[in-house]
Amino acid sequence: MNTLTLKPGREKAVLRHHPWIFSGAIQSLSGQPALGETVAVHDAEGRFLAQAAYSPESQIRARIWNWDATAPIDRNFFKSRLANAIGLREQWIDRTQTTAYRLVHGESDGLPGLVVDRYGDALVVQITSAGAEAWRGEILSLLEDLLAPQAVYERSDVTVRTLEGLPERTGLLSGALPPQPMPITENGLSYQVDLVGGQKTGFYLDQRDNRQKCREIARGKSVLNCFAYTGGFTLAALAGGAESVVSIDSSAEALEAARQNVALNGLPEERCEWIVGDAFHELRTLRDKAAQFDLIILDPPKFAPTAAQARKAARGYKDINLLGFKLLRPGGTLMTYSCSGGIDAAFFQKIVADAALDAGVDARLLYHLGQAPDHPTNLAFPEGTYLKGLVVNRDE
Ligand code: SAH
């Protein structure tokens with residue numbers, strides 16, 4: 001096995017079990033490991049620290065598999081990590097109410113660069129690291145053994161793969177997919193999900209618990225669901241007894257799916273209004289009409305994938321939250337989210353506070369929300385917490 005030796009002092013993060021080794025931390029490398037090959041990580045004194053997957057082109061030059069020189073990185077290693085990840089979901093997901101959830105959440109499940117989502121009996125995999133790519137055959141064969149899925153479909157159509165020197169890749173890997181879109185259940189509500197053509201791996205599974213929270217507080221309310229996608233929060237609000245729901249999204253296709261999802265559940269279609277358009281524009285139009293809502297959900301796409309884009313992203317968040325506060329009736333509730341890894345919880349809260357101030361609104365923070373437990377965070381890898389939600393009440 002080749003050895004990657006760190007510069008003096010750069011072993012600290014590794015000893016704290018952070019899984020990433022950046023190119024700048026490396027002193028030397030023996031040999032020329034291939035893309036994704038396992039290397040031994042040593043400190044500057046030559047002491048063993050960890051085993052990691054080498055990625056010659058990435059800034060994240062190696063991703064750690066384990067911190068144990070005696071446990072080889074082999075089929076058994078992956079079997080045990082996958083079994084752990086699956087076991088956690090068995091413990092935390094009520095599978096009588098929910099058939100779609102994340103089985104493997106990358107670094108947070110000790111499997112850097114691997115995401116596996118379950119949609120009924122079908123699996124969607126996303127591979128975003130050279131290491132996971134090198135082990136794809138073994139991983140897929142283990143998923144077959146452990147879960148006997150009806151189909152495994154790959155959605156590695158994400159640009160981060162290019163940072164690892166990997167081409168984007170999609171397609172059926174095994175079995176036969178049910179006709180798409182296919183039905184899934186989340187907290188007892190049905191949604192049609194398109195694993196092949198949908199956004200992400202088909203559905204924003206991470207918002208499951210927050211949709212449930214929305215359902216709990218929606219009774220009798222006029223609701224604005226901005227960035228609605230296929231109606232996750234729209235259906236939750238209607239199921240919770242909302243009086244009306246306006247849903248905005250730039251994707252006509254997503255809103256058409258949302259409309260069908262409302263009908264699929266026998267929810268009151270006459271309480272729905274659908275607006276296809278750019279949220280920044282549509283929220284202004286609503287403001288100019290002096291529209292007011294009791295409950296507003298703002299769930300925009302990732303404005304800042306990394307810290308470098310945070311400043312520009314902050315302006316985007318500020319803008320929509322400012323408009324959100326202006327559209328919020330006194331006494332009303334704002335559920336506002338950021339899924340940007342580049343913006344941490346404290347910064348997001350500050351942006352929302354600034355937006356309230358500029359809108360001339362006094363408001364109380366009631367809940368901090370996050371991603372559902374099938375998207376856990378490894379305590380050693382705080383970057384795993386990416387979804388931040390705030391539930392804020394405007395004063396009467
Ligand atoms: N809340 C949704 C997920 C939202 S994902 C759920 O629970 O499932 C973000 C959504 O924002 C996507 O559907 C995307 O189509 C939409 N979107 C992206 N940019 C937009 C814009 N400028 N205006 C309106 N919608 C936008």
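Atoms within a ligand are numbered from 1 in the order they appear, just like the ligands themselves.
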Engineer: Give the residue, atom name and distance (to 0.1 Å) of the protein heavy atom nearest atom 3 (C) of ligand 1.
Structural biologist: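 Nearest protein contact, heavy atoms only, for atom 3 (C) of ligand 1 is Asp299 OD2, 3.3 Å.
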Engineer: What protein heavy atom sits nearest atom 18 (C) of ligand 1, and how far off is it?
Structural biologist: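 The closest one turns out to be Pro301 CG, 3.4 Å.
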Engineer: Do the two ring centres, one from Tyr337 and one from Tyr317, sit under 6.0 Å apart?
Structural biologist: no
Engineer: May I ask whether Gly277 places a heavy atom under 4.0 Å from ligand 1?
Structural biologist: yes
Engineer: For atom 6 (C) of ligand 1, which protein heavy atom lies nearest, and how many Å away is it?
Structural biologist: Arg211 NH1, 3.4 Å
Engineer: State whether the shortest distance between N or O atoms of Asp278 and N or O atoms of ligand 1 falls below 3.5 angstrom.
Structural biologist: yes
Engineer: Is a donor from one side chain sitting under 3.5 angstrom from an acceptor on the other, for Ser190 and Thr185?
Structural biologist: no
Engineer: Just distance, no hydrogens or angles: give the donor-acceptor pairs under 3.5 Å from side chains in residues 49-63, sequence neighbours left out.
Structural biologist:
from: Gln51; atom 1: NE2; to: Asn66; atom 2: OD1; distance (Å): 3.3
from: Gln51; atom 1: NE2; to: Asp68; atom 2: O; distance (Å): 3.0
from: Gln51; atom 1: NE2; to: Ala71; atom 2: O; distance (Å): 2.8
from: Ser55; atom 1: OG; to: Glu164; atom 2: OE1; distance (Å): 3.0
from: Ser58; atom 1: OG; to: Ile60; atom 2: N; distance (Å): 3.0
from: Ser58; atom 1: OG; to: Ile60; atom 2: O; distance (Å): 3.2
from: Ser58; atom 1: OG; to: Glu164; atom 2: OE2; distance (Å): 3.0
from: Arg61; atom 1: NE; to: Pro56; atom 2: O; distance (Å): 3.4
from: Arg61; atom 1: NE; to: Ser58; atom 2: O; distance (Å): 2.8
from: Arg61; atom 1: NH2; to: Ser58; atom 2: O; distance (Å): 3.4
from: Arg63; atom 1: NH1; to: Glu107; atom 2: OE2; distance (Å): 2.7
from: Arg63; atom 1: NH2; to: Glu164; atom 2: OE2; distance (Å): 3.1

Engineer: Please work out which of Ala228, Ala236, Ser250 has its closest non-hydrogen atom nearest to atom 25 (N) of ligand 1.
Structural biologist: Ser250
Engineer: Determine, for Arg259 against Glu269, whether the closest basic-nitrogen to carboxylate-oxygen distance falls under 4.0 angstrom.
Structural biologist: no
Engineer: When you compare ligand 1 with Ile248, is there at least one nitrogen or oxygen pair between them that comes in under 3.5 angstrom?
Structural biologist: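 No, Ile248 has no N/O under 3.5 Å of an N/O on ligand 1.
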Engineer: Under 4.0 Å from a heavy atom of Tyr229: which atoms of ligand 1 are those, numbered in the order shown and with their elements?
Structural biologist: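 Answer, ordered by atom number: 2 (C), 3 (C), 4 (C), 8 (O), 13 (O).
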Engineer: Are any of the N/O atoms in Gln207 less than 3.5 Å from those in ligand 1?
Structural biologist: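 There is no such contact.
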Engineer: Quick check: Ser251 and ligand 1, any N/O pair under 3.5 Å apart?
Structural biologist: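 No; every N/O pair is 3.5 Å or more apart.
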Engineer: Of all the non-hydrogen atoms in the protein, which one sits nearest to atom 15 (O) of ligand 1, and at what distance?
Structural biologist: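 The protein heavy atom lying closest is Asp249 OD1, 2.7 Å.
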Engineer: Provide, to 0.1 Å, the distance between atom 4 (C) of ligand 1 and the closest protein heavy atom, together with that atom's residue and name.
Structural biologist: Phe227 O, 3.2 Å
Engineer: Identify, for atom 12 (C) of ligand 1, the protein heavy atom at the shortest distance, and state residue, atom and that distance.
Structural biologist: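 Nearest neighbour among protein heavy atoms for atom 12 (C) of ligand 1, to 0.1 Å: Gln199 OE1, 3.3 Å.
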Engineer: Sub-3.5 Å donor-acceptor pair from the side chain of Arg271 to the main-chain atoms of Ala242, do we have one?
Structural biologist: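 Pair found, side chain donor or acceptor close to backbone of Ala242.
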Engineer: When clusters are formed from ILVMFWY side-chain contacts under 4.5 Å, directly or step by step, what else is grouped with Leu88?
Structural biologist: Trp92
Engineer: Using the six-membered ring of Phe303, assess whether NZ or CZ of Lys312 lies under 6.0 Å from its centre and within 45 degrees of the ring axis.
Structural biologist: no
Engineer: Considering heavy atoms of the protein only, find what lies nearest to atom 5 (S) of ligand 1 and give residue, atom and distance to 0.1 Å.
Structural biologist: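 Looking at atom 5 (S) of ligand 1, the protein heavy atom closest to it is Tyr204 CZ, 3.3 Å.
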Engineer: Answer yes when Asp374 and Arg208 have at least one side-chain N-carboxylate O distance shorter than 4.0 Å, and no when they do not.
Structural biologist: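 Judged by the 4.0 Å cut-off on N to carboxylate O distance, Asp374 and Arg208 do form a salt bridge.
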Engineer: Quick test of your reading of the model: are Glu168 and Arg161 salt-bridged, counting only N-O distances below 4.0 Å?
Structural biologist: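 Looking at Arg161 together with Glu168, the answer is no, because their closest N to O distance does not fall below 4.0 Å.
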Engineer: Taking the ring of Tyr204 and the ring of Tyr229, is the distance between their centroids below 6.0 Å?
Structural biologist: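 When the ring centroids of Tyr229 and Tyr204 are compared, they turn out to be within the sub-6.0 Å range.
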Engineer: Give me the nearest non-hydrogen protein atom to atom 23 (N) of ligand 1 as residue plus atom name, then the distance to 0.1 Å.
Structural biologist: Ala279 N, 2.8 Å
Engineer: Would a line drawn from the ring center of Trp135 to the ring center of Phe77 be shorter than 6.0 Å?
Structural biologist: no
Engineer: Using a plain distance cutoff, I'd like to know if Thr230 has any nitrogen or oxygen under 3.5 Å from a nitrogen or oxygen of ligand 1.
Structural biologist: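 No; the residue has no nitrogen or oxygen that sits under 3.5 Å from a nitrogen or oxygen of the ligand.
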Engineer: Do the side chains of Asp109 and Arg89 get close enough for a salt bridge, i.e. N-O under 4.0 angstrom?
Structural biologist: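 Salt bridge: yes.
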Engineer: Where does Glu282 meet ligand 1, judged by heavy-atom distances below 4.0 Å: at the side chain, the backbone, both, or neither?
Structural biologist: neither
Engineer: Decide whether an N or O pair under 3.5 Å exists between Asn225 and ligand 1.
Structural biologist: no
Engineer: For ligand 1, which atoms sit closer than 4.0 Å to a heavy atom of Phe233?
Structural biologist: 1 (N), 7 (O)
